[in-house]
Amino acid sequence: AVAGGRLGAGLVGRRLMTGPRLCLDDVTLGYDRHPAVHHLSGCFDAGTLTAVVGPNGGGKSTLLKALMGLLRPLSGRVLRHGVSPDDIAYLPQAAEIDCDFPISVRDVVLMGHWRRNGAFGAASPDDLEQVRRALAGVGLAGFEDRPIGSLSIGQRQRVLFARTWVADCRVILLDEPFAAVDARTTADLLTLILDWHAQGRLVIAVLHDFQQVRTNFPRSLMLAREMIAWGPTAEVLTAATIERGRAMSEAWDQDAAVCERTTP
């Protein structure tokens, strides 16, 4: 099992009492001038734990990429208050990871130190000890020398969580972190997410399991190409908003041009 609290205390040893905010100011996101997320405004406040939910194709992953700085808005602004992109950890979907690349588990986790050591910086003994402890904390003690491609999907996801741990960022973005993993792995990784939240980090996760969200995530954003609801989870995940999200997604024109609002 994951030693969530012990791992967090060992690597960080502090609670983040103040922290960053990520805000969206009338943001439209898309590709090739076709919108995927439409006129979104609001803030993810410091220390909050938010699930981004909604129908498939609703723009959830696109939103995370914009928050990370990997995608520029077609219009509007993404505002990072009190944090730089280097202090944001991003865990992409498992499908975006190239598992054929010949790299060891140790080296994948060491990538979490990239912002401190640079692309070619040598790992210190302390860095290697953190990797060892992080892997033990996610249930992969002794896996350091294994090729990442030899692991199961669930094991690879544990490795990525270990990498996120050693990055020690104040903002953590997780894109479908439980996709295609078993129930035990999901429970273990959820423990780590709740630990990060308890430390005062700002955590945002794209999720599909509404019951899981209701049980563990205090706040939710329902996104179906545009905001359906954003706030306390009990107020967001209602039958009415879920149905509205489905209807909005089905009615969306994939080839629509970016609309522009004019000020009266």
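When the side chains of ILVMFWY residues are joined at heavy-atom separations under 4.5 Å, either directly or via intervening members, I88 and L79 end up in two distinct hydrophobic clusters.
Judged by distance alone, the side chain of R201 and the main-chain N or O of C169 form a donor-acceptor pair under 3.5 Å. Without hydrogens or angle criteria, K60 side chain to L223 main chain gives no donor-acceptor distance under 3.5 Å. When atom types are taken as modelled, the side chain of E144 and the backbone of V105 share no donor-acceptor pair closer than 3.5 angstrom. In terms of modelled atom types and a separation under 3.5 Å, the side chain of R225 and the main chain of G57 share a donor-acceptor contact. A donor-acceptor distance shorter than 3.5 angstrom exists from the side chain of Q155 to the backbone of S152, with no hydrogens or angles considered.
If you take CE on M227 and OG1 on T241, they are separated by 12.0 Å, rounding to the nearest 0.5 Å. How far NE2 of H197 is from CG of N216: 10.5 Å, rounded to the nearest 0.5 Å. Put simply, CZ on R246 and CG on N56 are 11.0 Å apart, with the number rounded to the nearest 0.5 Å. Rounding to the nearest 0.5 Å places CG of L174 at 9.0 Å from CD of Q157. Separation of atoms CZ (F217) and OG1 (T48) is listed at 11.5 Å; rounding is to 0.5 Å.
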- Would you please test S41 and D25 for side-chain hydrogen bond (donor to acceptor under 3.5 Å, both in side chains) and show each step? CA-CA 5 Å; S41 294; D25 178 17; 4.7 Å; no

- Message: Is there a side-chain contact (heavy atoms from CB on, under 4.5 Å) between R170 and L202? Walk through the geometry before answering.
- Response: CA-CA 6 Å; R170 294 185 296 159; L202 169 54; over 6 Å; no

- Query: Where do V236 and T233 land on the side-chain contact (heavy atoms from CB on, under 4.5 Å) test, with the steps shown first?
  - Reply: CA-CA 5 Å; V236 171; T233 294; 5.6 Å; no

- Under the side-chain contact (heavy atoms from CB on, under 4.5 Å) rule, what do H81 and C23 come out as? Steps first, then yes or no, please. CA-CA 8 Å; H81 298 290; C23 294; 3.7 Å; yes

- Task: Go through the steps to decide whether T164 and W196 satisfy the test side-chain contact (heavy atoms from CB on, under 4.5 Å), and finish with yes or no.
- Result: CA-CA 11 Å; T164 302; W196 289 329; 3.7 Å; yes

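For the residue pair S61 and D175, a side-chain donor N or O sits within less than 3.5 Å of a side-chain acceptor on the partner. In the model, T185 has no side-chain atom that pairs as donor or acceptor with a side-chain atom of D188 under 3.5 Å.
Closest heavy-atom contact between G58 and V37: O-CG2, 4.5 Å. Closest approach of G245 to P55, counting heavy atoms only: O-CG, 3.6 Å. Smallest separation of non-hydrogen atoms from L135 and A162: CD2-CB, 4.1 Å.
By the 4.5 Å heavy-atom criterion applied to side chains, R158 and F161 are not counted as neighbours. The shortest side-chain heavy-atom distance between C43 and D45 falls under the 4.5 Å cut-off. Between L67 and V78 there is a side-chain heavy-atom pair separated by less than 4.5 Å. Contact check for L64 versus I204: side-chain heavy atoms found under the 4.5 Å cut-off. Side-chain contact check for V53 versus L221: every heavy-atom pair is 4.5 Å or farther apart. Counting only heavy atoms from C-beta outward, the side chains of P73 and L29 approach each other to under 4.5 Å. Side-chain atoms of L40 and T28, non-hydrogen and from C-beta on, never get closer than 4.5 Å to each other. Using a 4.5 Å heavy-atom cutoff, the side chains of I153 and R156 are in contact.
By the 6.0 Å and 45° rule, R146 stacks over the aromatic ring of F143.
The ring-ring contact (aromatic ring centres under 6.0 Å, His included) check on F44 picks up W230, with sequence neighbours excluded.
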Anything under 3.5 Å between a donor and an acceptor, one on a side chain of residues 205-214, the other on a protein residue two or more places apart or in another chain? List them.
residue: H208; atom: NE2; partner: E176; partner atom: OE2; Å: 3.3
residue: D209; atom: OD1; partner: Q211; partner atom: N; Å: 3.1
residue: D209; atom: OD1; partner: Q212; partner atom: N; Å: 3.0
residue: Q211; atom: NE2; partner: T215; partner atom: OG1; Å: 3.2
residue: R214; atom: NH2; partner: L237; partner atom: O; Å: 3.2

